[in-house]
Amino acid sequence: MTLSEGIDGYLAYKRELGAKLITEESILRSFLKIAGNLPLDQEMESEVFNFLNHRPGSAASWGSKCRLLMSFFTYWSMRDQARPLKIPRPRTMVASSRVPYVYSEKQISSLLEATTKCQRRGSCKLPAESLRILLLLLYCTGMTIREVIQLEADAFAPSLGTLRIHSSRYDNDRTIPCAQIYARRLSDTKAGKAP
């Protein structure tokens with residue numbers, strides 16, 4: 001059996017189980033192109049390493065390609081058609097050098113001033129004042145849009161100057177300090193009162 005036949009057989013088996021395998025097929029066909037249509041029972045560690053390092057991408061991408069090839073060779077080695085693939089050494093994660101962007105006071109002022117202009121269209125349902133509060137809330141707290149939308153009226157504690165945030169993504173609550181006047185304005189806005 002050749003590598004090409006092995007890929008066809010592996011994909012057909014997986015599709016019978018209900019998998020779509022669009023990305024997986026693309027990866028396996030790319031591996032075939034780089035390795036060549038070798039006999040499936042040939043040792044292919046060097047071809048696998050060449051493929052994984054051919055176009056260096058993120059460590060996550062490298063890992064997903066590696067896991068797919070491991071699964072492919074395991075499938076055929078259990079059927080005595082290929083040699084088990086030795087596990088390649090995982091690619092080390094490179095620490096991100098990105099630094100969070102901090103807006104200047106002038107940029108924040110420009111954004112807040114633009115809220116009036118961008119709300120002139122009839123399709124904009126959010127008043128400019130509420131949009132300014134939303135921008136300030138996002139900027140000052142680091143909350144996500146989803147967290148802001150899911151805020152409940154009792155999340156604001158104006159007397160304590162705190163705001164309780166529930167994050168469904170991380171499944172935890174956190175409480176952050178918030179200026180009392182600002183928290184009162186947010187509480188009024190959430191309750192439907194004029195800000």
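Computation of the quantities below employed the complete heavy-atom set of this structure, encompassing side-chain atoms and omitting hydrogens, waters and symmetry-equivalent molecules.
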Report the C-alpha separation of Ile7 and Glu25 in whole Å, then their side-chain angles, then the decisive distance to 0.1 Å, and conclude whether the side-chain contact (heavy atoms from CB on, under 4.5 Å) test is met. CA-CA 8 Å; Ile7 289 170; Glu25 180 172 8; 5.8 Å; no

Go through the steps to decide whether Thr74 and Arg79 satisfy the test side-chain contact (heavy atoms from CB on, under 4.5 Å), and finish with yes or no. CA-CA 9 Å; Thr74 300; Arg79 288 155 179 80; over 6 Å; no

Show the numbers, then the answer: is there a side-chain contact (heavy atoms from CB on, under 4.5 Å) between Ile34 and Glu47? CA-CA 8 Å; Ile34 288 173; Glu47 284 80 6; over 6 Å; no

Given Arg83 and Glu45, is the salt bridge (charged side-chain N to carboxylate O under 4.0 Å, His left out) satisfied, shown in steps? CA-CA 10 Å; Arg83 297 181 186 199; Glu45 271 81 11; over 6 Å; no

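For the atom pair Ile165 CD1 and Glu152 CD, the distance stands at 13.0 Å (nearest 0.5 Å). Interatomic distance, CG of Leu68 versus CZ of Phe72, reported as 9.0 Å (0.5 Å rounding). Here Ile22 contributes atom CD1 and Leu11 contributes atom CG; the two are 11.5 Å apart, rounded to the nearest 0.5 Å. In this structure, CG in Leu38 is found 6.5 Å from CG in Leu3, a value given to the nearest 0.5 Å. Going from atom OG of Ser4 over to atom CZ of Arg29 covers 6.0 Å, rounded to the nearest 0.5 Å.
At least one side-chain heavy atom of Val148 sits under 4.5 Å from a side-chain heavy atom of Leu138. Between Gln107 and Ser110, the closest side-chain pair of non-hydrogen atoms is not below 4.5 Å. For the pair Thr115 and Glu129, the minimum side-chain heavy-atom distance is 4.5 Å or more. Residues Leu69 and Phe51 have side chains in contact (heavy-atom distance under 4.5 Å, counting atoms from C-beta outward). Side chains of Leu112 and Leu136 form a contact here, defined as non-hydrogen atoms less than 4.5 Å apart.
With respect to Arg132 and Glu113, no salt bridge is recorded, no charged nitrogen being found less than 4.0 Å from a carboxylate O.
For Ser71 against Tyr10, the heavy-atom pair with the smallest separation is OG-OH, 2.8 Å. Taking both residues in full, the closest heavy atoms of Ala82 and Leu40 are given as CB-O, 3.5 Å, listed atom of the first, atom of the second, then distance. Ser77 approaches Pro84 most closely through the heavy-atom pair CB-N, 3.8 Å.
Residues Asp41 and Trp76 have side chains that never bring a donor and an acceptor to within less than 3.5 angstrom of each other.
At distances below 3.5 Å, not a single donor-acceptor pair connects side-chain atoms of Arg164 with backbone N or O atoms of Thr175. For Gln150 (side chain) and Glu147 (main-chain N/O), no donor-acceptor pair under 3.5 Å exists by modelled atom type.
Met78 and Met44 end up in different hydrophobic clusters when Ile, Leu, Val, Met, Phe, Trp and Tyr side chains are linked at under 4.5 Å. A continuous path of ILVMFWY side-chain contacts below 4.5 Å connects Leu131 to Ile145, so both sit in one hydrophobic cluster.
Within the cation-pi definition used here (under 6.0 Å to the ring centroid, within 45° of the axis), Arg15 does not qualify as a partner of Tyr13.
In this pair, Phe73 and Phe31 present their aromatic rings perpendicular. The plane angle is above 60°, beyond the 30 to 60° band.
Crowding of Tyr103 atom OH: a count of heavy atoms from other residues, nucleotides or ligands under 6.0 Å not exceeding 12.
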